[in-house]
Amino acid sequence: MITDSYQRYGALSRFFHWTMALLILHQFFRFTERIGNGEHWLARLSGTWHVSLGLLILVLAILRLLWALNQFEYRPRYPRTTQTAVRIGHGLLYLCMLLMPFTGIMYMLSKGHGLYFFDVELIAKSKQGVSALSGIGNLHTPIAWCFLGLVTGHVLLALYHQFIMKDGTLKRMA
Ligand code: HEM
Ligand code: HEM
């Protein structure tokens, strides 16, 4: 079924979740540019497509958020004691999915790099850049570390629920 139910997430929610998880994990490989002055082979995994895939993530995140709001009433329920914590955790993940591309765009414009989506130029390069945007653009890296921490916690919790508590959490999204 395409829509969500109390028992499990529907096809569209699962499509958004796993497609975006792959895309976002790919984006995190950008951290490996810190190894050996960017010469490490892992750095090449994210190199060329970071900006274009980041913009794709922004579009998917907006559509996913709208879909989540539309399906809110029908999604799997949690015990009352954990409901607020789960909602805050998922809410922060959504916030990062939106803030990462936003700060990335600000970074590109502040440096005058312009903006492109694969071969399509969206905003032309400029010699000077917009220095007023650099404050927001420089938040890209700190937010990326927070996002990585959140995703790690999210995955560990999902595995803990599935394999230690054996409450079928993974099955709801699988
Ligand atoms: C969910 C989406 C994104 C994630 C998870 C992500 C993640 C990252 C990470 C982990 C780094 C390495 C930071 C460091 O080592 O200091 C990085 C750097 C960078 N990202 Fe993104 N990014 C995303 C989207 C974007 C978008 C949409 C753009 C541009 C429009 C962008 C532009 C950049 C640039 C220019 C750098 C290099 C910054 C520098 O050299 O200081 N990113 N990103
Ligand atoms: C970048 C990586 C990831 C992000 C940003 C992310 C984000 C989210 C979000 C926002 C939700 C709430 C449902 C929704 O609105 O889609 C969710 C649910 C879920 N995620 Fe992830 N996720 C990621 C990776 C993973 C991975 C690798 C696993 C596997 C261990 C996983 C397992 C789950 C499960 C089982 C649920 C359902 C939880 C429940 O019903 O309580 N996620 N995820």
Side-chain angles (χ1 to χ4, degrees), residues 4-10 12-35 38 43 45-47 49-61 63-72 75-79 82-83 85-117 122-123 129 133-134 137-163 165 167-174:
D4 297 342
S5 69
Y6 292 160
Q7 286 72 39
R8 69 182 305 211
Y9 290 90
L12 191 53
S13 297
R14 281 181 276 134
F15 165 80
F16 277 129
H17 182 269
W18 294 112
T19 312
M20 291 190 70
L22 282 179
L23 288 172
I24 291 165
L25 292 178
H26 166 273
Q27 296 296 82
F28 282 136
F29 275 101
R30 190 69 186 240
F31 273 133
T32 58
E33 287 215 342
R34 290 162 174 261
I35 313 170
L45 283 181
S46 91
W49 291 342
H50 188 81
V51 171
S52 303
L53 292 182
L55 292 179
L56 181 61
I57 289 170
L58 176 61
V59 174
L60 288 173
L63 294 176
R64 180 176 175 180
L65 186 59
L66 293 174
W67 180 246
L69 293 173
N70 177 275
Q71 293 295 299
F72 191 70
R75 292 198 146 182
R77 302 286 163 109
Y78 310 98
T82 51
Q83 177 144 316
V86 172
R87 288 209 175 133
I88 292 174
H90 289 170
L92 288 173
L93 285 166
Y94 272 103
L95 189 64
C96 288
M97 284 188 258
L98 295 169
L99 281 181
M100 284 311 300
F102 177 68
T103 53
I105 293 168
M106 295 300 124
Y107 182 93
M108 296 290 281
L109 300 184
S110 71
K111 300 279 178 207
H113 294 325
L115 206 60
Y116 48 88
F117 183 70
L122 302 177
I123 299 176
L133 300 179
S134 61
N138 288 337
L139 293 175
H140 195 66
T141 298
I143 296 175
W145 282 114
C146 296
F147 194 16
L148 184 61
L150 275 172
V151 168
T152 309
H154 171 70
V155 172
L156 289 177
L157 273 172
L159 296 176
Y160 174 79
H161 273 272
Q162 178 67 26
F163 296 110
M165 295 183 72
D167 58 7
T169 295
L170 209 54
K171 220 173 150 192
R172 291 206 289 253
M173 191 50 101

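Whatever order the structure lists ligands and atoms in, that order sets their numbers, starting from 1.
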For ligand 2, which part of [X] has a heavy atom less than 4.0 Å away: the side chain, the backbone, both, or neither?
X      : answer
Trp18  : side chain
Phe16  : neither
Leu170 : both
His161 : neither
Gln162 : neither

query: Purely on distance, is any nitrogen or oxygen of Thr141 under 3.5 Å from one on ligand 1?
result: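 Yes, Thr141 has an N/O under 3.5 Å of an N/O on ligand 1.
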Note the single closest protein heavy atom to [atom], along with its residue, its atom name and the distance in Å.
atom                    : value
atom 27 (C) of ligand 2 : Val155 CG2, 3.6 Å
atom 41 (O) of ligand 2 : Tyr78 CE2, 2.8 Å
atom 17 (C) of ligand 1 : Arg30 CG, 3.4 Å
atom 37 (C) of ligand 2 : Tyr9 CE1, 3.6 Å
atom 15 (O) of ligand 2 : Tyr94 OH, 2.5 Å
atom 2 (C) of ligand 2  : Val151 CG1, 3.7 Å

query: Which bit of Ile57 is near ligand 1, meaning a heavy atom under 4.0 Å away: side chain, backbone, both or neither?
result: side chain
message: Side chain, backbone, both or neither: which applies to Lys111 and ligand 1 if a contact is any heavy-atom pair less than 4.0 Å apart?
response: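 Neither; nothing of Lys111 gets under 4.0 Å from ligand 1.
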- prompt: Do ligand 2 and Thr169 have nitrogen or oxygen atoms that lie under 3.5 Å from each other?
  reply: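 No.
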query: Backbone or side chain, does any N or O of Arg75 fall under 3.5 Å from an N or O of ligand 2?
result: yes
Number the atoms of ligand 1 from 1 as they appear, then name those within less than 4.0 Å of a heavy atom of [X], with their elements.
X      : result
Arg34  : 14 (C), 15 (O), 16 (O)
Leu55  : 27 (C)
Ile105 : 29 (C), 30 (C)
Leu115 : 30 (C)
Met108 : 29 (C), 30 (C), 35 (C)

Options His17, Met97, Lys171, ranked by nearest heavy atom to atom 25 (C) of ligand 2, top entry: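 Looking at heavy atoms only, His17 sits closest to atom 25 (C) of ligand 2.
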- prompt: Among Met173, His90, Met20, Arg64, which one has a heavy atom closest to atom 7 (C) of ligand 2?
  reply: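 Looking at heavy atoms only, Arg64 sits closest to atom 7 (C) of ligand 2.
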- prompt: Distance below 4.0 Å between atom 4 (C) of ligand 2 and any protein heavy atom?
  reply: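 Neighbour list for atom 4 (C) of ligand 2 is empty of protein heavy atoms (cut-off 4.0 Å).
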query: Can you list the atoms of ligand 2 that are under 4.0 Å from a heavy atom of Leu93?
result: 7 (C), 8 (C)
- prompt: Non-hydrogen atoms of Glu33 versus ligand 1: any pair closer than 4.0 Å?
  reply: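 No, Glu33 has no heavy atom closer than 4.0 Å to ligand 1.
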